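Notes follow once the structure below has been shown.
Quick caveat, the model's predicted, so the values are computed rather than measured. Lettering follows sequence order; numbering is per chain, from 1.
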Protein chains: 2
Amino acid sequence: MNAAVVASGQGGASLDLVFQALADPSRRAIVERLCRGPASVSELAQPLEMALPSVLQHLQLLEASGLVRSAKTGRVRTCRINSTALDQAERWISRRRSAMERAFDRLGDFLKE
Amino acid sequence: MNAAVVASGQGGASLDLVFQALADPSRRAIVERLCRGPASVSELAQPLEMALPSVLQHLQLLEASGLVRSAKTGRVRTCRINSTALDQAERWISRRRSAMERAFDRLGDFLKE
DNA sequence: CCTATAGTTAGGTATTTACCTAACTATAGG
DNA sequence: CCTATAGTTAGGTAAATACCTAACTATAGG
C-alpha cells in the first residue's frame, strides 16, 4: 500500500485519483446516477453512448479513486457511491476557502496600519 | 467560445477542466500557495522541483480551467486564484450530497411501508 | 548601453487515457 | 442441458499529459 492510500484512510484514495476521476463527464454522470441509488453495470452503461468495456474502464478508475464501491452477486455487479471520497475532495476545497479568507483578513489588517 | 465555457459563465470553465486541473499535486500546490495571496511565476516555481517551462504549462492549464488568473506588469507575471472556479467544483459536490440525502430519505419512506 | 532577471516558445520523448472490437467466462432460467 | 444475459479480458489505436533542454524576448537597473 502506498503512502497516499495510507494517508487517506479506510478505502479512500489520494486526492489525485478522486479529482482525476471527477474530471471526466462520463464518470461524473456515473457518480450522479449512483447518488440516486445503487445500480448495476449495464444500468450505468445504458445512457452512456459507449461500448461496455469502456464503461468498465471508467468504473475501475472510479473504484481506484474510492468514489465507487461494488460487489458482485450472481452475475450482476452492483455499484454504489462511497461518500467519504467525495468528502475528501470537498474538504480540500473548503480548506482552500479558509486559507483565502485568512489571507483576506491579513490584507485588512495591513490596510488599517 | 464553446458551450461549456458559456454555461459556466464569467471567465470560468467547464467542470472537466477544473477537476482535471486539481488532479495534479503540483497544480494543487500552486493553488494552495495562491490561496495565501498572489505570487509571481518564479515564486510559484521555487518549491516545485521542476523546470520553469513545466511550471508554465501547469499554469496554462490552471488558467484554462479558470482557477487562476494572471496579469503581467513589466517583466513579472502576477498570479492569483479565482475563487469562482473553486466554487463551481464545490457546488457540484454539494449537489451530489443533496441527491444522496434525498435517496436516503426515499429509502426510509420505503422501509416504513 | 549592457547585463542579469523573468518569462516565453519550440520541439522532443515517455506515459497515460479514452476509446474500440473480438473473444471469453459465468450464471440465470426455461 | 442449453441459451441468453451480465460482465470480463485481451489487445490495439489516437490523442493528451507531463516532463525535459535549448534558444529566444523583454524589461529592470547599474
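- Heavy-atom distances under 4.0 Å link DNA chain D to no residue of residues 28-46 of chain B.
- Not a single side-chain contact (heavy atoms from CB on, under 4.5 Å) links B:P47 to another residue, sequence neighbours left out.
- Taking the nucleotide of DNA chain C with the nearest heavy atom to each of A:L61 and A:T73, the more 5' of the two is matched to A:L61.
- Hydrophobic clustering keeps A:I81 apart from A:V76 (ILVMFWY residues linked when any side-chain heavy atoms are closer than 4.5 Å, directly or through intermediates).
- For B:R96, there are no side-chain hydrogen bond (donor to acceptor under 3.5 Å, both in side chains) partners, not counting sequence neighbours.
- B:Q60 meets the side-chain hydrogen bond (donor to acceptor under 3.5 Å, both in side chains) test with no other residue; sequence neighbours excluded.
- Here the OG-CD distance, from A:S26 to A:E49, works out to 10.0 Å after rounding to the nearest 0.5 Å.
- The salt bridge (charged side-chain N to carboxylate O under 4.0 Å, His left out) search around B:E101 returns none, not counting sequence neighbours.
- Looking at which nucleotide of DNA chain C each of A:D24 and A:R75 is closest to, the 5′-most match is held by A:D24.
- Side-chain atoms of B:Q20 and B:S65 form no donor-acceptor pair, as typed in the model, at a separation below 3.5 Å.
- One atom, CD of A:Q20, and another, P of C:dT15, lie 18 Å apart when rounded to the nearest Å.
- Taking A:R97 as the reference, B:D87, B:E90 meet the salt bridge (charged side-chain N to carboxylate O under 4.0 Å, His left out) condition, with sequence neighbours excluded.
- With salt bridges taken as basic N to acidic carboxylate O contacts below 4.0 Å, none links B:R95 and A:E32.
- At distances below 3.5 Å, not a single donor-acceptor pair connects side-chain atoms of B:D16 with backbone N or O atoms of A:D24.
- The salt bridge (charged side-chain N to carboxylate O under 4.0 Å, His left out) test applied to A:R77 returns no partner, not counting sequence neighbours.
- Take A:Q46 and apply the side-chain contact (heavy atoms from CB on, under 4.5 Å) test, not counting sequence neighbours, and it matches no residue.
- For DNA chain C, the residues of residues 47-59 of chain B within the heavy-atom distance limit of 4.0 Å (strictly under) are B:L52, B:P53, B:L56, sorted by number.
- Not a single salt bridge (charged side-chain N to carboxylate O under 4.0 Å, His left out) links A:R27 to another residue, sequence neighbours left out.
- Separating the CZ atom of B:F19 from the P atom of C:dT17 is a distance of 18 Å, rounded to the nearest angstrom.
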query: Using Watson-Crick and G-U wobble pairs whose two distances are both under 3.5 Å, how do you write the pairing of DNA chain D as dot-bracket, with | for links to another strand?
result: ||||||||||||||||||||||||||||||

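- Running 5' to 3' along DNA chain D, contacts with non-hydrogen atoms of chain A at under 4.0 Å begin and end at D:dA4 to D:dT9.
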